[in-house]
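For reference, the structure discussed in these notes is given below.
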Amino acid sequence: MKKMLVGLFVGLALLSFQGPASAVNVGLELTLLVDVSGSISASEFNLQTDAYAAAFKSAAVQNAIALNPTGSIAANMIMWSSDNQQSQVVGWTLIDGAASANAFADAIAAVVRPYSGNTAVQSALNFAAGNISLTNGFDSLRQVLDVSGD
């Protein structure tokens, strides 16, 4: 009886970590976590967003996405500054080809800087970790936070 209960609890725990039944399987869930605190100049802000946009428009990145086991990734962008200044500025996006990668790049290029306060990287990491969750509509074996800042 004890083994059955342990097995039941383990089974329920595994089910709770599988994500929503309708989650899209992707090779990677990627959060781009961009520092926009006061120590980031306008040119540094542009450098960050321009570089991310250029990366997603590049053939090298698009080919790498195509070559992963699912041929797709999910990505979003969060900008952060002070303790209570974190925003998802580009929502979770399925990137499964050149068109969606280019659209994601265009969304990044269109972002307006939301903050310019103090620097609170721990708050940003906590916010981002909560954003890669079982409720973002995607499921993968790899979740990555790519932190950009000075």
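The residues of the chain are indexed from 1 along the displayed sequence.
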Close side-chain approach of Trp80 and Val121, heavy atoms under 4.5 Å: yes
Which atom of Leu30 lies closest to which atom of Trp92, heavy atoms considered: O-CZ3, 3.7 Å
Donor-acceptor side-chain pairing of Asn68 and Thr70 below 3.5 angstrom: yes
Candidate pair Phe138 and Asn25, rule side chain to side chain contact (heavy atoms under 4.5 Å, CB included), full reasoning: CA-CA 6 Å; Phe138 297 98; Asn25 269 341; over 6 Å; no
Gap separating the CE atom of Met77 from the CG atom of Leu33, nearest 0.5 angstrom: 9.5 Å
Backbone N/O of Gly117 and side chain of Ser82: donor-acceptor pair under 3.5 Å: no
Nearest heavy-atom neighbours spanning Asp83 and Ala120: OD1-CB, 3.2 Å
Heavy-atom pair with the smallest gap, counting every atom of Gly149 and Asp35: CA-CB, 3.5 Å
Any donor-acceptor N/O pair, Ser58 side chain to Val61 backbone, under 3.5 Å: yes
Ile73 side, atom CD1; Ser100 side, atom OG - distance, nearest 0.5 Å: 9.0 Å
Heavy-atom side-chain proximity of Leu32 to Phe56 below 4.5 angstrom: yes
Atom pair CD1 (Ile40) and OG1 (Thr119), whose distance is rounded to the nearest 0.5 Å: 7.0 Å
Residues Ser37 and Ser81: side-chain donor-acceptor under 3.5 angstrom: no
Closest non-hydrogen atom pair, Ser41 against Arg113: O-NH1, 3.6 Å
Nearest atoms (heavy-atom pairs only) where Met79 meets Phe45: CE-CE1, 3.5 Å
Any Asn76 side-chain heavy atom under 4.5 Å of Val90 side chain: no
Same apolar cluster (I L V M F W Y, side chains within < 4.5 Å links), Phe127/Val34: no
Inter-residue atom distance Ile95.CD1 - Ile65.CD1, 0.5 Å rounding: 5.0 Å
Distance (rounded to the nearest 0.5 Å) between Leu145 CG and Ile78 CD1: 8.0 Å
Whether Ser87 side chain and Val89 backbone form a donor-acceptor pair below 3.5 Å: no
Between Gln62 and Asn102, a side-chain donor and acceptor under 3.5 Å: yes
Atom pair CG/OG of Leu94 and Ser72 - distance to nearest 0.5 Å: 5.5 Å
Close side-chain approach of Lys57 to Asp106, heavy-atom, < 4.5 Å: yes
Expected output: side-chain Thr93 to main-chain Gly91 donor-acceptor under 3.5 Å: yes
Shared hydrophobic cluster for Leu125 and Val36 (ILVMFWY, side-chain gaps under 4.5 Å): no
Side chain proximity check, Val26 to Asp139, heavy atoms < 4.5 angstrom: no
Exercise: identify the closest heavy-atom pair between Glu29 and Asn136: OE1-ND2, 2.8 Å
